[in-house]
Q: 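Okay, handing you the structure first.
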Amino acid sequence: MMKRVFLIVLDSFGIGEMPDAAVYGDQGSDTLGAVRKSPYFQMENMRRLGLFHIDGPNKEGGEQAQEPSFQGAVARMRERSKGKDTTIGHWEIAGVISEAPMPVFPQGFPKQLLNQLSEQTGRGILCNRPYSGTQVIQDYGREHMETGDLIVYTSADSVLQIAAHEDVVPVEELYRYCQMARAICRGPWGVGRVIARPFTGEWPAFTRTANRHDFSLQPPAPTMLDLLKGAGKSVISVGKIVDIFAERGITEYVRTENNADGIEKTLSFMKQDFEGLCFTNLVDFDMLYGHRNDRDGYAKALAYFDRKLPELTDAMGEEDLLIITADHGCDPDTPSTDHSREYVPMLMYGKPCKPGVNLGTRASFADIAATILAYFGVEKTCGGSSFLPLVMRNRNHSGTAGKWAYFGEKSREDAPESADGRTRMKKTITQEQLRSLACAAIDMRECSYAPYSGYHVGAALLTENGEIYRGCNIENASFSATNCAERTAFFKAVSEGERNFRAIAVAGAPKDSKKLDDCVPCGVCMQVMAEFCEPDFLVIMAKGEKDYTVKRLRELLPDSFRLQRTDCF
Ligand code: THU
């Protein structure tokens, strides 16, 4: 079985203002909220996946809704980067957080920048201000043809564009100039894109040619794409993903005409065999409707996507995940035609994924990258923290089952005999089962909240019925209020009505340590185990997926505190 993740970005599909929206002039923005008001709004399939269970102003049904009343795993995603453009949004989805927005030049580019460009190209510069691309060749085209000077202009976005007539500056030469500009535009001048804009014809009938070319800024750190490609996985770009990542970390790409074409091309990749990521951007929502404040157009485009969604989900295989998200907002109802600083949705769906999981609000888009990397078992060196353990239905580290079905009735190799041979366990446990539990504990370290000690612990507790309850350590500024991973797992289970347990796996080490410690549960946790478990309860101390020590509770805690008399009450 091939594992595949289909990650689809609905460009600009925000779901409500972020707390700092006012800093961006976007207070009250809510793209979904605006588009819902259109009579053309129709998203029944997305509703079934859980769109309206996501936290925020579009949430419906309140807490009393029956779970699981939706089919996906959903979250509201916060953008941690300082910015609201396409590039920064996509980079964060891929695990790279930007501390500063990309620079824009509403007054034109600084003299020093243009001087460098002039020197290197040996040509003068015309225009140097924000301009419409068709108007700029009308107004400066003739002068350009007479002098050979380059038409340099920008827009509201972080772009430097160079227009030149193909007879004056051959296309290849224009591309070289753009590469020079790309090398100059770094640091504070680090515009998102340098764009070559060749044109032909005679004034006043100049026309732009299809030889436009984008030279994107390289992501400043390794992205999920680089890491997946480095691990030998396919990384397929559908639409403008390839430009956003400056062609880095991509093994194959196709460009698209429009949303319909992007969906078709994604569907055609679903029919191919590969292991890895197919990353699709559907840009019409933003380019054609958000920026033009066309609420009905936006609603129709969403309705189209929604109608096609069953085709996508039907084409998914056993180990495929579909993740639908966005890169920023672009509320068509606000006077602004620019992007808006909003939360975005995350909807995950697939056979390996539990239905009806609401992950609340996640701290960063980068959690998507961390989750995808965890799914492929690729080491994460980019940002974000994985929510994979919280959404997987049945899981061991290689991505298959982890519940009772897997802890199979069929394979009954005996587990270690109890020391005195008297207490036989009701059910035996296999090495594979132990390993699966150890892997779940290792995974759970991702969820650890340990800003004080930096020591990340995960635990996975197996009940008699084959359920696995997972836990991580949760620290507190008041240190003693900290909860260990084992107790988190136990308390989750007990509060769900579980009382019978077979085994617990524990994995602990400092956050970025390459190796795990032989993490023996602390005395308090053992006391809790003693409360609920038989002496032959198994404790698995995981040092790796295949490297663990198994002990009985009685070996670790031969005796425990018990209330011997109750007449004190
Ligand atoms: N910790 C556990 O989660 N389990 C144990 O059995 C021992 C310690 C956590 C608590 C704290 O957050 C960190 O490890 C360092 O003590």
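Small disclaimer: the values here were computed from a predicted structure and weren't measured. Any value given below was found using the heavy atoms of this structure, including those in side chains, with hydrogens, waters and symmetry copies removed. Whatever order the structure lists them in is the order used to number ligands and atoms, beginning at 1.
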Q: Which atom pair, heavy atoms only, marks the closest approach of Met18 to Arg78?
A: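 Looking at all heavy atoms of both residues, the shortest contact is SD-CG, 3.8 Å.
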
Q: Tell me: protein heavy atom nearest atom 8 (C) of ligand 1, and distance?
A: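 Minimum-distance protein heavy atom for atom 8 (C) of ligand 1 reads Cys484 SG, 3.8 Å.
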
Q: May I ask you to decide if the ring planes of Phe490 and Phe537 are parallel, tilted or perpendicular, using 30° and 60° as cut-offs?
A: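 Phe490 vs Phe537 ring planes: tilted.
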
Q: Using distance alone, determine whether Thr482 and ligand 1 share an N or O pair under 3.5 Å.
A: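 In this structure, Thr482 places no N or O atom under 3.5 Å from an N or O of ligand 1.
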
Q: Write out the residue and atom name of the closest protein heavy atom to atom 11 (C) of ligand 1, then the distance separating them to 0.1 Å.
A: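 Result for atom 11 (C) of ligand 1: Glu475 OE2, 3.2 Å.
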
Q: For atom 6 (O) of ligand 1, is there a protein heavy atom at a distance under 4.0 Å?
A: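 Protein heavy atom within 4.0 Å of atom 6 (O) of ligand 1: present.
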
Q: With respect to Glu486, determine whether any N or O atom, backbone or side chain, lies less than 3.5 Å from an N or O atom of ligand 1.
A: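 Between Glu486 and ligand 1, an N or O pair is found under 3.5 Å apart.
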
Q: Would you say Val457 and ligand 1 have an N/O pair spaced under 3.5 Å apart?
A: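 No - when backbone and side-chain N and O of Val457 are compared with those of ligand 1, no distance drops under 3.5 Å.
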
Q: Give the ring-plane orientation class for Tyr452 versus Phe479, where under 30° counts as parallel, over 60° as perpendicular and anything between as tilted.
A: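 Aromatic pair Tyr452/Phe479 classed tilted.
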
Q: Check ligand 1 against Pro521 and write out every atom of the ligand that is under 4.0 Å from a heavy-atom position of the residue.
A: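 Reading through ligand 1 atom by atom, the close ones are 6 (O).
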
Q: Would you mind running through ligand 1 and noting each atom that sits below 4.0 Å from a heavy atom of Ser453?
A: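 In order of numbering, the contacting atoms are 13 (C), 15 (C).
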
Q: Does CD belonging to Gln27 count more than 12 external heavy atoms closer than 6.0 Å?
A: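 Open: at most 12 neighbouring heavy atoms sit under 6.0 Å from CD of Gln27.
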
Q: Looking only at N/O atoms, are Ala450 and ligand 1 under 3.5 Å apart anywhere?
A: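 No, since none of the N or O atoms of Ala450 sits under 3.5 Å from an N or O of ligand 1.
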
Q: Is it the case that over 12 heavy atoms from other parts of the model lie below 6.0 angstrom from the NZ atom of Lys492?
A: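 Buried by this count: over 12 neighbours within 6.0 Å.
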
Q: Against heavy atoms of Tyr455, which atoms of ligand 1 measure under 4.0 Å?
A: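 Answer for ligand 1: 14 (O), 15 (C).
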
